[in-house]
2 protein chains.
Amino acid sequence: MNVLEKIVNSVTNFSKSERKVAEVILANPQTTIHSSIAALAKMADVSEPTVNRFCRRLDTKGFPDFKLHLAQSLANGTPYVNRHVEEEDGPEAYTAKIFESTMAALDSARHNVDINTINRAVDVLTQAKKISFFGLGASASVAHDAQNKFFRFNVPVVCFDDIVMQRMSAINSAEGDVVVCISHTGRTKNLCDIATIARENDATVIGVTAYDSPLARECTLVLSLDVPEDTDMYMPMASRVAQLVLIDILATGFTLRRGSKFRENLKKVKDSLRGSRFEKKDHPA
Amino acid sequence: MNVLEKIVNSVTNFSKSERKVAEVILANPQTTIHSSIAALAKMADVSEPTVNRFCRRLDTKGFPDFKLHLAQSLANGTPYVNRHVEEEDGPEAYTAKIFESTMAALDSARHNVDINTINRAVDVLTQAKKISFFGLGASASVAHDAQNKFFRFNVPVVCFDDIVMQRMSAINSAEGDVVVCISHTGRTKNLCDIATIARENDATVIGVTAYDSPLARECTLVLSLDVPEDTDMYMPMASRVAQLVLIDILATGFTLRRGSKFRENLKKVKDSLRGSRFEKKDHPA
DNA sequence: CCATATATGTAATTTAATTACAATAAACCT
DNA sequence: AGGTTTATTGTAATTAAATTACATATATGG
C-alpha cells in the first residue's frame, strides 16, 4: 500500500510528536526524500529517534527504507486517481489522462481480483464441452476477443452479440457447457435472462461483471473487477480494458493447465496464418 | 528521465567495472534498492567507491540518492521488464505477470505515441463523411469496439471483419471517407490490399499498426504504438489492449473537438439504453 | 497524589557512505 | 618497443548518518 495513504489513514494511531512528523512529510514530501533524518527532525521540531520510530510504525525498516517507500509513492504521479478529461484539454493532456486512468484501473483491478475464483474459472473452462461468450454493446467486442483466443485451443467456442442467437444458444446448452456472460454494470436485462436460462439448462455460468449486480446473482461463478467507472455517464473505457486483461488471464491459465502437448495446437494455428502474411523484414512487391 | 533507461542508454560511457555494476542493477533492480553500497559492490565484484562513482555518473548525488531515483523508476510499472509467463506459474503468478506486462506495455506506448499524429487523426475523423474500421483476427474485435464508440457520435460508421465485405467497402469509398486499418504486425496481406484500394479511391487511410510495416507504407497517417510483443509466437495480448486505448483516445479527441452541443447526442444514446437495464441499486423481480 | 505506563529526548554506538590517496592498468607518443 | 601520461580501480581513513540504549519527562489510572 501507498505510504502516503498509510500516513493519512493511521494518523489516529500517532502520538503528538509523530503527528508533527506526519504533517511535515505530507506538506513537503518531495523535500523529505532528499533530507537526512536530522534535517527532518529539525523541521518537525522533534528528536531524531522520534522520526525513526515514526518510520517503524509504518512498517518500514527505518528512515532510509521509509524514504524509499515514499519515493515510490511519489513516483506514481497520481496513484489511484482517475483523472477525468476536461473540456479544455489538448491532445497531449487527454492522451496522457486516458493512458494514466487506464493504467490506474488495471492496477486497481489487479489488487481486487480474486485469484481463487480465477483458478476455479480456469478449472471449469478446461473441462468444458463447449464454451459460449455473450456480451452486448461494448462488452460484445470483449466476447469477440475471447472467442478469438479460445478458438485457438481447439475447443468448441461460440460467441453471439445478437440477443436472439444468444437466447437460442442458451436454451440449447447442457451440462458440461460453460457460458461466459460479460457486462460491466451487470444490469443489462437481456444478459441476465441469458444467464438464468443457461443455468436452468445445467450449464455453468461465469459472469465477468460487477459483484452484487443482478447478473452476478444469476451466475455460478463471478469474476468481479471493481473498476470505478461510471458507464451510465461515460463511454466504457477502462472497464472494458480490464475485462480484456481478465480474458487474457483466463486464456493463459487455460493453456498452462492443458500442458505442453496441447501447446502444439497453438503453434499449428499460428503456422496456418503464415501464408496470409508478409514475412518479417520483407518488403511488399 | 527514468534511471533504468538512463543506465541502458549510457552503457557506452561506462568503464569495465561500471558496466559490471550496471548489469547487476538491471538484473535485480528490486534487490538493489534494499541493498547497501557494500552489498552491491560485492554482488558486482567491484569496490565500494566504484559503485559510488557509478551513481555520480548518472547525475545523482551519491548512492542513497541513486537508490531513491531507482525506486521511483521501479514504481512506474516495470519498464523494460516484460515478465513472461513460465510453465510452472500458478494462478497468482500468471495473473500478476499479465497485469504487469500489460501495464508496462501501456506505459511504453504512452511514451512512444506521437501526439501530433493523434491530433491529425482526430482532425481527419471529425471531418469524415463516413468512417470504416477494418481488422482481422484479434484486431477485428478492436475494430468492433471502435465501431461501438464512434457509432454513438451519430456519424456513419461501418465495421467489417469479413475480407470480401472489406474489399467491397474499400472499393466504394470516396474522397472525405476515412478508413482505419488495424493490425499489430502490419503484415497481413489482405489488410494491406484494403488500404491500397481505399487510397486509390481517394479515401484517407489511418493505420493503427507498426511503424515501417508493409501496411504502414500504404497509409496516409500511421498511428504506431510500439508495444514489444511477438504476436508471431504468442497470442496478441498487450498489443491489442494498447490499440483499444488508442481508440479511446481518438474517440475522446473526437468528442472534445465537436464541442458541447454535440455531447447531447451522447446523452441521447445513453438514455436510450435505460429501458434495457435494471436501475442502479434495484433488485430484479 | 502516587504508581505505572507511555512518550520523548540525550548521548553513545554502530553502520553506512564518502573522500583522499595509492596502485594498477590502459592509452599515447616518440 | 619503452617510457610517459592519463584514466581506472582499489585500500584505508574520514566523515556523516542512522540506530540503539538509556534517562527523563509527561500523561494516565487507581
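What you see is a predicted model, and the numbers here were worked out from it, not measured in a lab. Just so we're on the same page: letters track the sequence lines, and every chain starts at 1.
- Considering only side-chain N and O atoms, A:Asn52 lies under 4.0 angstrom from the phosphate OP1 or OP2 of D:dT19.
- The closest donor-acceptor contact from the side chain of A:Ser213 to the backbone of A:Ala216 lies under 3.5 Å.
- Counting only N and O atoms by type, the side chains of B:Ser35 and B:Thr32 include no donor and acceptor under 3.5 Å apart.
- Looking at A:Thr50, its side chain never comes within 3.5 Å of a backbone N or O of A:Val46 through a donor-acceptor pair.
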Any protein N or O atoms within reach of nucleotides 13-15 of chain D? Criterion: under 3.5 Å, listing atom names and distances.
none

Anything under 3.5 Å between a protein N or O and an N or O of nucleotides 7-11 of chain C, put it in a table, one pair a line.
from: C:dT8; atom 1: OP1; to: A:Ser17; atom 2: N; distance (Å): 2.9
from: C:dT8; atom 1: OP1; to: A:Ser17; atom 2: OG; distance (Å): 2.8
from: C:dT8; atom 1: OP2; to: A:Ser15; atom 2: OG; distance (Å): 2.2
from: C:dT8; atom 1: O5'; to: A:Ser17; atom 2: OG; distance (Å): 3.2
from: C:dG9; atom 1: OP2; to: A:Ser47; atom 2: N; distance (Å): 2.9
from: C:dG9; atom 1: OP2; to: A:Ser47; atom 2: OG; distance (Å): 3.3
from: C:dG9; atom 1: OP2; to: A:Thr50; atom 2: OG1; distance (Å): 3.0
from: C:dG9; atom 1: N7; to: A:Arg53; atom 2: NH2; distance (Å): 3.1

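- For the salt bridge (Lys or Arg N to Asp or Glu O under 4.0 Å) test, no residue two or more places apart in sequence or in another chain qualifies with A:Arg120.
- Taking atom CG on B:Leu68 and atom P on C:dA16, their separation rounds to 18 Å, with Å as the unit.
- With hydrogens and angles ignored, the 3.5 Å screen pairs a side-chain donor or acceptor of B:Glu18 with a backbone N or O of B:Ser15.
- For the segment residues 28-43 of chain A, no residue has any heavy atom less than 4.0 angstrom from an atom of DNA chain C.
- Applying the ring pair (Phe, Tyr, Trp, His ring centres under 6.0 Å) test to A:Phe14 and every residue at least two apart in sequence or in another chain returns A:Phe54.
- Going from atom CZ of B:Phe14 over to atom P of D:dT9 covers 12 Å, rounded to whole Å.
- For the side chain to side chain donor-acceptor pair (under 3.5 Å) test, no residue two or more places apart in sequence or in another chain qualifies with B:Asp65.
- Taken from CZ in A:Phe99 to OG in B:Ser108, the straight-line distance is 9.0 Å, to the nearest 0.5 Å.
- No side-chain N or O of B:Arg57 forms a donor-acceptor pair with one of B:Asn52 less than 3.5 Å apart.
- Going from atom CD1 of A:Ile25 over to atom NZ of A:Lys67 covers 11.0 Å, rounded to the nearest 0.5 Å.
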